[in-house]
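Structure record follows, encoded as structure tokens.
The sequence lines fix the lettering, A, B, ..., with proteins before strands; numbering per chain opens at 1.
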Amino acid sequence: MTENEKTDFIRQMIADDIATGRHIGPVVTRFPPEPNGFLHIGHAKSICLNFGVAEENNGRTFLRFDDTNPCKESEEYVEAIKHDVRWLGFNWEGSLTHASDYFDQLYDSAIQLINMDKAYVDSLSAEEIRKYRGTLTEVGKDSPYRGRSREENLDLFQRMQAGEFADGEHVLRAKIDMSSPNINLRDPTIYRIRKISHQNTGDKWNIYPMYDFAHGLSDAFEGVTHSLCTLEFEDHRPLYDWFLDQLKPTNRPRQTEFSRLNLAYALTSKRKLTTLVEEGVVDGWDDPRLATLAGMRRRGYPPAAIRDFIARVGVTKKENLIEMGVLENSIRENLNYEAERRMAVMKPLKIVITNYPDEKTETVTAINHPSRPELGTRELPFSRELWIEESDFMEEAPRKFFRLKPGGEVRLRFAYIIRCDDVIKNDSGQIIELHCSYDPETRSGSGSSDRRVKGTIHWVSAQHAHSAEVRLYDRLFTVPQPGSDPDVHKNLNPNSVEVVKAQIEPSLSVQDRSVQFERLGYFSLDIVDHSQELPVFNRIVTLRDSWAKIERQAVMISNQANS
RNA sequence: UGGGGUGUAGCCAAGUGGUAAGGCAGCGGGUUCUGAUCCCGCCAUGCGUAGGUUCGAAUCCUACCACCCCAGCCA
């Protein structure tokens, strides 16, 4: 992944600036989450971009918590966000900051604006301010308080901070242009009264700066050179620049916008995610069905796969909706190389090898990775009674079904070829077990037989297998854009998880964090619920399944024939 | 119809006046003791539309169309 270095318009812009001498000195970026929720796949794009761009240019990146609104934010999110960024593979060294670290400087900057007659205290109500702002097509009009003197503004602003007024009584506004076609420039609010204690600054402040004011100046204070954010802030850039023009900090950052990542069938709205978590619709912020970084970690997605995915989707200004298949491809590619192979049966069907000695147990040798011999082999117990996958047997099988059927033969992976002789059913006609016979000449690796058989299936020895709980996940939503519906509950997939009691090979140990269960998919120990007594696995992703595709096509053909 | 953006294949995405990269998906074939992996091949006379400039246009010009964002004392 390192050799095919992805470039994009932002990296090109920075490279050009450096090449032409327009930009001198280190490249400094920042990732500025608001600590009011967990990070999700959309944030991963921003993290990879901001940290990546700085790394590539030997610069550095600030992890800055944008904590300007104490009503919505809390410390627990701060810790979760730090954990997630670290897990994704990035570190901020000494560059961990908060917008609240700059509250004093921000306050001084506000005073400066007042002194320059570029800010004023407005005493209109929120409702009135909205009316005065005008609409998209009509200009706004000046507040009656717009002409207050410096002295009066200074006095009022200082008393706002001193706690003399209630929330909402006054605000501080930038004095720009009420008739600007850009609504952000119609005297935006830059400070509001919030008599609430702040997670970092306690009760020191009765007023808190707004995003537009705090963000650009924090960038400037930190020496950020490139402030990379998402498209919805494009209209705010003139305001971002206006503050810099007025206050002239020694460092002048530049804002550049890119489109956010939208992943099909995933929800990336913090507000809606919070709803699902608080209502208990999902099992916390780290529910493996969620596209949160915590959820993906618990599901078993390798962080390197997520980084690879982000590199593949690129950075542009175009609205996009990335198909799940791209993410799954990155995960499979990573795990195909990384994960050792094991055998497990999700929905067990018992088979009895009738010509195999009753008390006998032997071991067969299984390779741990088909293309990485250095990962070695393991021994698997084989005996008379085995579990195979229910779906690997069909009583009335189509021609192309290469698995077990009455009278048919199949290879047991790493072991023998068997034939199905009898199908045993209970009184209600359900298949309860299969009687098979094996060919002792066909043991894997014996070299004594060149018999070939079309199908190979996985199995575990019934008397040696361990039980495990396995959670088979499917997408949480039934529609590609769950965020576009105001009601998050409406498009939930009722079958987003199926819990099965699986039979797993005994050599599986707790060290095997992520493994491939042969022919099934990649699975990962559940870091929360796993125990020595009852192993718990999450299915990360299935293997590609061309048999499923054949079945789908067969169904389509028969549907066409019937219509 | 005030401002700001974006239109290249089913989904992403290169391309910066010289004749449409790549990935994912899909399709066809080969290898295989995982219907996995791996390998090979196919997949835009076309770049939102219509004009124009040019020997030559996805790239430049003009007009139009579609979609996204903005009217928090949220970020």
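For the pair A:L228/A:S46, no side-chain contact is recorded, criterion being any heavy-atom separation below 4.5 Å from C-beta on. No side-chain heavy atom of A:E518 sits less than 4.5 Å from a side-chain heavy atom of A:E505.
A:D235 comes within 4.0 angstrom of a base, heavy atoms only. A:I367 comes within 4.0 angstrom of no nucleic acid atom, judged by non-hydrogen atoms across all strands. Looking at heavy-atom distances under 4.0 Å, A:R413 makes contact with a base. Heavy atoms of A:F414 sit under 4.0 angstrom from at least one base atom. Counting non-hydrogen atoms under 4.0 angstrom, A:G325 reaches the backbone sugars and phosphates but no base. Contacts of A:L543 with the nucleic acid, taken as non-hydrogen atoms under 4.0 Å apart, include base atoms. Residue contacts shown for A:Y208 are absent, as no nucleic acid heavy atom lies under 4.0 Å away. A:Q516 comes within contact range of at least one nucleobase, with a heavy-atom separation under 4.0 Å. Among the heavy atoms of the strands, none lies under 4.0 Å from A:K270. Residue-level contact check: A:T316 touches the backbone only, with heavy atoms under 4.0 Å from sugar-phosphate atoms and none from bases. At a threshold of 4.0 angstrom between heavy atoms, the contacts of A:L321 are confined to the sugar-phosphate backbone, with no base atom among them. A:V171 comes within 4.0 angstrom of a base, heavy atoms only.
A:W285 and A:Y77 have perpendicular rings, their planes meeting at more than 60° on a 0 to 90° scale where under 30° would count as parallel. Aromatic ring orientation, A:H236 versus A:F233: perpendicular (interplanar angle above 60°, classes split at 30° and 60°).
For B:rG72, the O4'-C1' to base torsion is within 90° of 0; the nucleotide is therefore syn.
B:rC70 atom P lies 13 Å from atom CG of A:N182, rounded to whole Å. Between the OH atom of A:Y77 and the C1' atom of B:rC74 there is a distance of 15 Å, rounded to whole Å. Note: CG (A:N184) to P (B:rG2) measures 18 Å, nearest angstrom. Here B:rG29 presents its P atom at 11 Å from CD1 of A:I550, a figure rounded to the nearest Å. Across the protein-nucleic acid pair, A:L136 atom CG and B:rC68 atom C1' stand 14 Å apart, rounded to whole Å. Distance A:R341 CZ to B:rU32 C1': 14 Å, rounded to the nearest Å. Taking atom NE2 on A:H236 and atom C1' on B:rA71, their separation rounds to 11 Å, with Å as the unit. Summarising the geometry, the separation between CZ on A:F401 and P on B:rG35 is reported as 11 Å, rounded to the nearest angstrom.
Nucleotides B:rG5 and B:rG51, compared at atom C1', are 25 Å apart to the nearest Å. For the P atoms, the distance linking B:rU49 with B:rG29 amounts to 35 Å, nearest Å. As rounded to the nearest Å, B:rU45 and B:rU8 have C1' atoms that lie 15 Å from one another. On the C1' atoms, B:rA75 is 35 Å away from B:rG10, given to the nearest whole Å. Rounded to the nearest Å, the gap between the C1' atom of B:rA9 and that of B:rC27 is 15 Å. B:rG18 and B:rA58 have their P atoms separated by 11 Å, with the value rounded to a whole Å. When the C1' atom is used for both B:rU54 and B:rG48, the distance is 23 Å, rounded to whole Å. For the P atoms, the distance linking B:rA14 with B:rG22 amounts to 15 Å, nearest Å.
Considering A:Y208, A:Y120, A:F157, A:F103 as possible partners of A:Y191, the one that fulfils the ring pair (Phe, Tyr, Trp, His ring centres under 6.0 Å) test is A:F157.
A salt bridge is defined here as a Lys NZ or Arg NE, NH1 or NH2 lying under 4.0 Å from an Asp or Glu carboxylate O, and A:E409 with A:R451 meets this definition.
Between A:Q12 and the phosphate of B:rU16, there is no side-chain N or O to OP1/OP2 separation shorter than 4.0 Å. Proximity of A:T68 to the phosphate of B:rA75: a side-chain N or O atom is located under 4.0 Å from OP1 or OP2. Distances shorter than 4.0 Å separate some side-chain N or O of A:R519 from OP1 or OP2 on B:rG35. For A:R173 and B:rG72, the shortest distance from a side-chain N or O to OP1 or OP2 is not below 4.0 Å. Regarding contacts with the backbone of B:rU37, every side-chain N or O of A:S371 stays at 4.0 angstrom or more from both OP1 and OP2. For B:rU8, one of the phosphate oxygens OP1 or OP2 lies less than 4.0 angstrom from a side-chain nitrogen or oxygen of A:K318. Between A:K454 and the phosphate of B:rU32, there is no side-chain N or O to OP1/OP2 separation shorter than 4.0 Å. Note on A:S546: a side-chain N or O is less than 4.0 Å away from OP1 or OP2 of B:rA36. Contact annotation: A:R133 side-chain N/O to B:rG72 OP1/OP2 distance is under 4.0 Å. Side-chain N/O atoms of A:R260 include none lying less than 4.0 angstrom from OP1 or OP2 on B:rC68. Put simply, A:R332 has no side-chain N or O that comes within less than 4.0 Å of OP1 or OP2 on B:rA25.
Base-pair partner of B:rU32: not found among the strands shown (Watson-Crick or G-U wobble, both distances under 3.5 Å). B:rG7 and B:rC65 make up a base pair, with Watson-Crick or G-U wobble contacts both under 3.5 Å. Pairing for B:rG22 goes to B:rC12, judged as Watson-Crick or G-U wobble with the two contacts each under 3.5 Å.
Counting atom types as modelled, A:E323 pairs a side-chain N or O with a base atom of B:rG10 as donor and acceptor under 3.5 Å. A:R403 contributes a side-chain N or O that forms a donor-acceptor pair with the base of B:rG35 under 3.5 Å.
Residues A:S391 and A:E389 have side chains that never bring a donor and an acceptor to within less than 3.5 angstrom of each other. A donor and an acceptor atom, one from each side chain of A:R30 and A:S218, are nowhere located under 3.5 Å apart. When only modelled atom types and interatomic distance are considered, A:H98 and A:D67 share no side-chain donor-acceptor pair under 3.5 Å.
Both tests pass for A:R372 against the ring of A:Y337: distance under 6.0 Å to the centre and angle within 45° of the axis.
Of the residues near RNA chain B, A:V453 and A:E232, the one whose nearest nucleotide (by heavy atom distance) lies more toward the 5' end is A:V453. Positionally, the nearest nucleotide of RNA chain B for A:K45 lies more toward the 5' end than for the other of A:D545 and A:K45.
For A:R312, the side-chain atoms get nearest to B:rG23 when compared with the rest of B:rG35, B:rA75, B:rG23. Counting only heavy atoms from C-beta on, A:I129 has its side chain closest to B:rC73 among B:rG35, B:rC73, B:rA75. Considering only the side chain of A:Y211, B:rA75 comes nearest among B:rG4, B:rA25, B:rA75.
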